[in-house]
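Order of appearance sets the numbers: ligands from 1, and atoms from 1 within every ligand.
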Amino acid sequence: MRGWAIRRGFCLYPFRRSLSIASSSTTHSSQLPRTDPFALVAPELSQIRADLVRLLGTAHPGLDEITSYYFLRPSKQLRPLLVLLISQATNGLGRDWPLKKWASEQACPGGLAESLDEPLSRADVLNDWNPSIPDKTTVYDPEYSLSFPPMPAKAQQPPSSIFSSSERALTSSPSILPTQMRLAQIVEMIHAASLLHDDVIDESPLRRGSLSAPQAFGNKFAILSGNFVLGRASVALARLGDSEAIRLIASVTANLVEGEILQMQNIEPHADEPLAKPSSQVAKNAWTTYLQKTYLKTASLMAKGARSAAVLGGCADGEIYKEVAYAYGRNLGIAFQLVDDVLDYEAVEDTLGKPGGADLQLGLATGPALYAWEEHPEMGPLIERKFCHAGDVELARSLVRKSAGVERTRELAVAYATRSRDVLQALPESEARAGLEALTERIIKRRS
Ligand code: FPP
Ligand code: MG
């Protein structure tokens, strides 16, 4: 079983046209279940949204306004949805589920929902006042008085009887744990923090139909508030009390930055292979770099968020579930970004809440341009100079339009989405699994 999932779930390279989606073992078709993935966890998603603003509360009204700016203009909540559905689809399956379930009912990090807000040390050591959690954080005091802290409560030992119950057999989807709910909030916070940075880098005028944060508050405040959100997400992550989930999620921020840097890299010509030759090693490298940066900047958060959800639900090493979660999130994330890159070409007007055709203007050669290069060698020099000469953007756009670039990028996205759906077969049937399957189709069909 494991070899099957790994073989089919981790392919990174663009599938050749001859291997098109039709030759994939199962295809994306209209026979997919009609489950609405968002409806399955609608109450949890609205709770997450409400709680997020509370988690971000600060005593500084200006900072408060910027940090909550993107949360008050809600996202699609795709990342929290993914965490919640993977939690539901895998809870009760892993070896350590009884332990995680038992721990969630104890008053300790990772335990009862309220204890996730407990400071890890004296409240004034954190010195990060959140008026929304006044009993857990304190206002800055110029004096720091030395006093003996209360003795920590003795850690409870789980009774051995917890391992004898088989909840999975009783209910098809055991409930989502408080730690998994908090994880869903953390991934949304990291996503929002990355957008606060991204809108500075991309000089985006709009986000979700409103002024972008840098436009509304200026670059410095946008970056500082992005870092603040990231700081709060880090504390919330530490309070989960699970070192594997902490390591996974902490590594995402580095991945996001790596992805952005990779995206800025020039595609350099090779001494004996001019860029005009689209079959060159340079073109192959350009594809590898494009897909790698797509993983880093978009899919990593989804893949590691999904994997962490399975970890928090007690899925252990040597079991397939963490691998399924990761492979699902990774393939889905790449499909999501490929569709995003297609929509950038299709957005003539302001359908995405941002101007269309932004990628070429930013000098970025995404899937449609890379495919168009195969048909129109004159695209090579444009890519190399990042469409910076007058008329380059318009010429590149017309070359893409004349080529099958957009269509082929969509096909590639479908292939990734199909892989994402296929790996779910390693999980038992459940409503949540049907929701995850339906989500792959939503990603492909999305128009914004
Ligand atoms: C949106 O992509 C941007 C991302 C998915 C990641 C951005 C990451 C960074 C700026 C690195 C720094 C992050 C942190 C947390 C320190 P896009 O520009 O293709 O999509 P868009 O059209 O929605 O802007
Ligand atoms: Mg952007």
Side-chain angles (χ1 to χ4, degrees), residues 56 66-67 70-71 73-79 82 186-215 219-234 236-237 249-265 289-305 329-330 332-347 350-370 409 413 443 446-448:
L56 289 166
I66 315 175
T67 49
Y70 282 164
F71 295 103
R73 285 156 189 77
S75 77
K76 294 181 268 294
Q77 287 192 297
L78 171 65
R79 292 151 191 86
L82 176 59
I186 292 168
V187 295
E188 187 70 344
M189 287 161 90
I190 295 175
H191 174 56
S194 78
L195 294 184
L196 283 160
H197 288 87
D198 183 67
D199 285 343
V200 172
I201 296 170
D202 288 358
E203 299 177 28
S204 319
L206 299 168
R207 170 76 57 194
R208 296 177 196 146
S210 300
L211 280 186
S212 70
Q215 287 295 319
N219 284 349
K220 288 181 189 173
F221 280 109
I223 290 187
L224 288 171
S225 66
N227 290 343
F228 177 83
V229 175
L230 212 50
R232 279 281 163 87
S234 308
L237 181 62
I249 299 297
S251 71
V252 171
T253 304
N255 290 163
L256 290 167
V257 174
E258 286 168 326
E260 281 295 307
I261 300 282
L262 211 52
Q263 178 165 280
M264 290 175 194
Q265 247 175 27
T289 305
Y290 170 60
L291 288 171
Q292 195 187 350
K293 75 98 188 147
T294 300
Y295 167 72
L296 290 168
K297 84 166 207 182
T298 306
S300 159
L301 180 56
M302 297 191 197
K304 292 178 178 175
R330 176 174 169 138
L332 189 83
I334 295 177
F336 178 89
Q337 186 62 47
L338 289 169
V339 172
D340 213 61
D341 294 344
V342 163
L343 290 176
D344 191 72
Y345 278 88
E346 291 178 347
D350 180 15
T351 51
L352 296 177
K354 58 181 187 180
D359 288 341
L360 285 174
Q361 314 242 11
L362 289 167
L364 304 179
T366 59
L370 293 177
T409 310
I443 292 296
R446 78 191 178 97
R447 292 271 147 221
S448 67

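Restricting Asp202 to its N/O/S atoms, the shortest distance to the Mg ion (ligand 2) is reached by OD2. Within Asp198, the N/O/S atom positioned nearest the Mg ion (ligand 2) carries the name OD2.
Scanning both residues, Arg330 and Ala299, for their nearest heavy atoms gives O-CB, 3.5 Å. Closest approach of Thr366 and Tyr290 over heavy atoms only: CA-CE1, 3.6 Å. Minimum heavy-atom separation, Ala413 to Ala335: O-CB, 3.4 Å.
In this comparison of Leu196, Asp202, Leu362, the heavy atom closest to atom 18 (O) of ligand 1 sits on Asp202. Closest heavy-atom approach to atom 7 (C) of ligand 1 among the candidates Glu260, Gln337, Lys297, Arg208: Glu260.
No side-chain donor-acceptor contact under 3.5 Å links Asp199 and Ser212. If you check the side chains of Gln265 and Thr289, you find no donor sitting under 3.5 Å from an acceptor.
Near Ile201, with a cut-off below 4.0 Å to any heavy atom, the atoms of ligand 1 are 10 (C). In summary, the atoms of ligand 1 found under 4.0 Å from a heavy atom of Arg207, numbered by their order in the structure, are 21 (P), 23 (O), 24 (O). Interface atoms of ligand 1 facing Ser194, defined by a heavy-atom separation under 4.0 Å, are 6 (C), 7 (C), 8 (C), 10 (C), 13 (C), 15 (C). Set against the non-hydrogen atoms of Leu256, the atoms of ligand 1 under 4.0 Å away are 11 (C), 15 (C).
No N or O atom of Thr298 sits closer than 3.5 Å to an N or O atom of ligand 1. For ligand 1, the polar-atom distance check against Asp199 finds no nitrogen or oxygen pair separated by under 3.5 Å.
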Practice problem: Might you work through the salt bridge (charged side-chain N to carboxylate O under 4.0 Å, His left out) test for Arg207 and Asp202, ending with a clear yes or no? | Solution: CA-CA 11 Å; Arg207 170 76 57 194; Asp202 288 358; 5.8 Å; no
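No part of Asn227 comes within 4.0 Å of ligand 1, judged by heavy-atom distances.
In this structure, the separation between CG on Leu196 and CD1 on Ile201 is 11.5 Å, given to the nearest 0.5 Å. Atom OG of residue Ser204 and atom CG of residue Leu211 lie 11.5 Å apart, to the nearest 0.5 angstrom.
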